[in-house]
Amino acid sequence: MAADQLRYDGQVIVVTGAGGGLGKAYATFFGSRGAKVVVNDLGSSFKGEGNSTKAADVVVDEIKKAGGQAVANYDSVENGEKIIETAIKNFGRIDVLINNAGILRDVSFKNMKDDDWDLITKVHIKGAYKCARAAWPYFRKQKYGRVINTASAAGLFGSFGQANYSAAKLAQVGFTETLAKEGAKYNIISNVIAPIAASRMTETVMPPEMLANLRPEWVVPLVAVLVHKNNTDENGSILEVGGGHIAKLRWQRSSGLLLKADDSYTPGAILKKWDKVVDFSEPQYPSGPNDFMTLLEESMKMGSSDK
Ligand code: NAD
């Protein structure tokens, strides 16, 4: 891919939660690079309370003043079909969906209420699903689409006080992996990022000196590369990004233990060889459920009871 001045002329890009933080940074960037942008934002607080048209309007004005094209949408991502409809009605197509909208309901698991769980899963999981589901028929028909879903280190590794958010964020990974597999033959490319950036979400939990090095604008270039039409290689990738750092993550499996599935297969037999279960000296990097089946078949063919 040519490195300089990636452009998106004629493309329609939907950015959810684009009224502030990372979403605003994506929207203004793509607006300045030739794309027609749907700036979606419900205008709620970071805890998901209230709503306002102002957040999206301000970003649309900024894009237009800079000579770009943009339209606002104020629906919650839970009504994703309305957001995609805004793209179709105003610009006639949709090429890229950036599922970015998000909220927090941080509380220790001991004190977590059903509402804290439900709201987070609704906005993050159902929201990403509804937007992608509404865009999917257009992507398939035109044999072109690019999707970014937004995970978080909290989802990948867990984070104190964020059981709801962690669960919803790791869900983005499984969701993306499946979209990547189902979309590949239609040139629909889906990737998931775990960003870190200064925003209203992080400003209360990180020191100012750190926040100064985590501008949302520094997450944008990676997303720009991933959703560009020339990206046909990275599909179903998990990338962490922030403060100038970009890295790809993948699953790693230990070489593992295979016991004969008969009466000798007891908890004690597992414990005796536990070191093999946790031995990462010869790791594998599985990328699909079939890898596990193949592993079992191969071991069975070898007739080994203990590899
Ligand atoms: P932010 O609060 O600045 O932006 C999120 C935006 O989403 C807000 O403008 C909000 O109004 C909007 N929004 C909330 N609920 C919505 C809904 N139901 N429908 C439409 N819009 C809605 O936060 P941010 O830091 O820019 O976060 C962007 C995304 O990145 C989120 O998904 C967040 O979970 C994720 N993330 C951020 C960080 C970080 O370090 N900032 C880290 C990991 C993940």
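Each ligand, and each atom within it, is numbered from 1 in the order the structure gives.
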Should [X] and [Y] count as an ion pair when the cut-off is N to O under 4.0 Å?
X	Y	value
Lys248	Glu240	no
Lys113	Asp115	no
Glu49	Lys47	no
Arg93	Asp95	yes

If only side-chain N and O atoms count, and only distance matters, is there a donor-acceptor pair under 3.5 Å linking Asn40 with Thr16?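 No donor-acceptor contact under 3.5 Å links the two side chains.
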- Does the side chain of Arg33 come under 3.5 Å of the side chain of Tyr8 through a donor N or O and an acceptor N or O?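 No, Tyr8 and Arg33 have no side-chain donor paired with an acceptor closer than 3.5 Å.
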Q | Amino acids contacting ligand 1, non-hydrogen cut-off under 4.0 Å | A |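 Contacting ligand 1 under 4.0 Å are Gly17, Gly20, Gly21, Leu22, Asn40, Asp41, Leu42, Gly43, Ser44, Asp75, Ser76, Val77, Asn100, Ala101, Gly102, Ile103, Val123, His124, Thr150, Ala151, Ser152, Tyr165, Lys169, Pro195, Ile196, Ala197, Ser199, Arg200, Met201, Thr202.
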